[in-house]
Amino acid sequence: MTIGKHRLGAAGGKTLDVFNPATGEIIASVPRGGVEDVDKAVKAARAALNGEWSSMSPVDRQRVMLKIADLIEANGEELAQLETLNNGKSVMLSRLIEVGASADYMRYMAGWATKIEGSTIDISVSVPPGTKYNAYTRKEPVGVVGAITPWNFPLNMAVWKIAPALACGCTVVIKPAEETPLTTVRLVELCLEAGLPEGVVNVVTGTGEEAGAALTAHPDVDKLAFTGSTEVGKRIGIQAMRDMKRVTLELGGKAPMIMFDDMDLDQLGIAAGVGVFFNSGQTCCAGTRVYAQKGVYEKVCEIMAQVTQSLPIGSGLDPANQINPMVSAKHQAHVSACIAGGIAQGATPLLDTSPYAGAGYFVRPQIFTNVNRDMAIMQEEVFGPVFTITPFEDPEDAVRMANDTKYGLGASIWSTNINTVNRYVPRIKAGTVWVNTHNLPDQNMPFGGYKQSGIGREHGRSALDNYLETKSVCIALG
Ligand code: NAD
């Protein structure tokens, strides 16, 4: 862990093992932080907030952030290899997303550091009569941010929280997922190397129940920034409201992909490869419920099954492999249980149902047809290489079925007819609707969920509001 400028073990001396999902071997151990460590980190973040950091000009904050981005790139291959060893994902994705997109995001947010502004306001109040006032708003850092991140994009999710916090002048205590702490630990070292004052970003490793809960409950944390499951997000939201902490929640999803008869069938490769199997299906907006119109239904089943079968399974260290291990033995068991549950509930598997032989936490991809809304695979997040295909005739049925979920993170419409696209985009209850593509967030495009997929938006200008308070100033003129 890094607290202030010090690399520390947990106060209680406990550690957590970290595994390589491709082999099941232990590759590292990290401190198992708890209440005392979190308290120390929050104190360091508070001291930094009141110290040198608060007096640094926006352009100086920007300069440090740009240096952090440069260091992410300069150490990119080390970070990519570390991420793949720890998370299991393709090293190609580690290079592209964990390193490339993270450096880009840091630079994007560095740009905002010098563009934070309030407004001047004409006001009507005139007491005593005739008195004039000068009113304006100031945007001020929300304070100490407690950031809690998931295991599916470990480095990238850390940067999604740290970058806007720094742009707005906040300080951070981050608690990475217990499965994948290594790149976040390294990132915080790089922040110090870039010249970020000590205590501005601190990392406490440990479990959700211990370090995560301690951070959530800490009275001196002003804002919680959480990405993870809806179940844990609800608990964090409730705790945040008890203390009136500011909170953003980026939670789970069960994204529909609606395919109309006039879709371009050549795009099914993208629909399967990027829409569903990006990161081996361990993506919050993975398109796990396909709704295909009757005219293309058979072709969609056939081509998506062919594409899926062609995806090589294996270690992420070989970039040719596109289905990589699940992050942990526990998650492998969960995804396998979801597949078994689908079969037990009467869905038809289109692909090989035999377990994947060999070491590591691998699961064979699966596609289900003959599904209905009451099946768990239609309602619950599998978070693995599994999706369903349901036929429809009337687009109204497709809209109804697509929205028939507690989630509302992402969705896509596949059609070459502009009128179809324009008619149905507004009808889908999701924070992002892609058209003829799926699963592509961008730093400048607000990202977040409707319904139980979360509260608030990350990315773009709207992300800044999560890390700023608005202060109204009203000056009576003499
Ligand atoms: P998770 O909710 O189990 O864990 C996320 C983080 O919360 C981890 O750091 C964990 O240690 C911590 N945590 C667990 N219990 C806690 C508690 N009681 N108090 C405080 N912290 C606690 O999620 P996961 O399994 O790591 O990640 C997968 C989930 O994340 C999926 O549901 C996925 O959809 C979601 N996700 C959402 C987005 C998004 O932007 N909406 C992005 C990526 C992942």
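None of the values given here were measured: they were computed from a predicted structure. Note: hydrogens, waters and symmetry copies are ignored here, and every other heavy atom, side chains too, is used. Read the numbers this way: they start at 1 and go in the same order the structure lists the ligands and their atoms.
- Between the side chains of S94 and T84, at least one donor N or O sits under 3.5 Å from an acceptor N or O.
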Query raised in the report: Can S102 and N156 be said to form a side chain to side chain donor-acceptor pair (under 3.5 Å), step by step?
Result: CA-CA 5 Å; S102 296; N156 197 229; 3.0 Å; yes

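- Considering only non-hydrogen protein atoms, atom 41 (N) of ligand 1 sits nearest to L251 O, 2.8 Å.
- Side chain to side chain, T248 and K161 fail the donor-acceptor criterion of an N or O pair below 3.5 Å.
- For ligand 1, the atoms sitting less than 4.0 Å from at least one non-hydrogen atom of I236 are 20 (C), 21 (N), numbered in the order shown with element in parentheses.
- No donor-acceptor distance shorter than 3.5 angstrom exists from the side chain of S412 to the backbone of H438, with no hydrogens or angles considered.
- The distance from ligand 1 to the heavy atoms of T216 drops below 4.0 Å at these ligand atoms: 20 (C).
- Nearest to atom 10 (C) of ligand 1 among the protein's heavy atoms is E178 OE1, 3.5 Å.
- With a heavy-atom cut-off of 4.0 Å, R235 touches ligand 1 through its side chain alone.
- Heavy-atom proximity to V232, at under 4.0 Å, picks out these atoms of ligand 1: 2 (O), 13 (N), 14 (C), 15 (N), 16 (C), 17 (C), 22 (C).
- With ligand atoms numbered from 1 in the order given, ligand 1 contributes 28 (C), 31 (C), 33 (C), 34 (O) to contacts under 4.0 Å with heavy atoms of F383.
- H218 and D39 share a donor-acceptor pair across their side chains, judged by distance under 3.5 Å alone.
- Nearest to atom 23 (O) of ligand 1 among the protein's heavy atoms is S229 N, 3.4 Å.
- Against a heavy-atom cut-off of under 4.0 Å, L409 is close to the following atoms of ligand 1: 41 (N).
- Relative to the six-membered ring of Y467, K223 meets both conditions, a distance below 6.0 Å and an angle of at most 45° to the axis.
- With a 4.0 Å heavy-atom cut-off, ligand 1 is reached by the side chain of F226 but not by its N, CA, C or O.
- Looking at atom 20 (C) of ligand 1, its nearest protein heavy atom turns out to be G212 C, 3.2 Å.
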Query raised in the report: Can K175 and T205 be said to form a side chain to side chain donor-acceptor pair (under 3.5 Å), step by step?
Result: CA-CA 6 Å; K175 207 297 284 174; T205 52; over 6 Å; no

Requested in this report: Applying ring pair (Phe, Tyr, Trp, His ring centres under 6.0 Å), run through H331 and W151 and close with a yes or a no.
Outcome: CA-CA 11 Å; H331 192 54; W151 48 256; 4.9 Å; yes

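- Heavy-atom separations between G454 and ligand 1 are all 4.0 Å or longer.
- Here the rule is salt bridge (Lys or Arg N to Asp or Glu O under 4.0 Å) with D404, and of R373, K254, K451 only R373 fits it.
- Ranking the protein heavy atoms by distance from atom 27 (O) of ligand 1 puts P150 CB, 3.3 Å first.
- At a heavy-atom cutoff of 4.0 Å, ligand 1 is contacted by the backbone of P176 but not by its side chain.
- A side-chain donor-acceptor contact under 3.5 Å links E83 and T183.
- Comparing N152, T230, T227 by heavy-atom distance to atom 5 (C) of ligand 1, the nearest is T227.
- The closest approach between a heavy atom of F447 and any atom of ligand 1 is below 4.0 Å.
- Ligand 1 has no N or O atom lying under 3.5 Å from any N or O atom of W160, backbone or side chain.
- Numbered from 1 in the order shown, with element, the atoms of ligand 1 that lie under 4.0 Å from a heavy atom of A177 read 8 (C), 9 (O).
- Closest protein heavy atom to atom 32 (O) of ligand 1: E381 OE1, 2.6 Å.
- Of the heavy atoms in E179, none comes closer than 4.0 Å to ligand 1.
- For the residue pair S280/K89, the side-chain donor-acceptor check at 3.5 Å is not satisfied.
- Checking G252, G208, G228 against atom 35 (C) of ligand 1, the nearest heavy atom belongs to G228.
- For atom 24 (P) of ligand 1, the nearest non-hydrogen atom of the protein is W151 NE1, 3.4 Å.
- Classification of the Y105-W160 ring pair by plane angle, with boundaries at 30° and 60°, yields tilted.
- In summary, of the residues considered (L49, L166, V188, V172), a side chain to side chain contact (heavy atoms under 4.5 Å, CB included) with V200 occurs for L166 alone.
- The protein non-hydrogen atom at the shortest distance from atom 8 (C) of ligand 1 is T149 O, 3.3 Å.
- Judged by distance alone, the side chains of Q452 and K234 do bring a donor and an acceptor atom under 3.5 Å apart.
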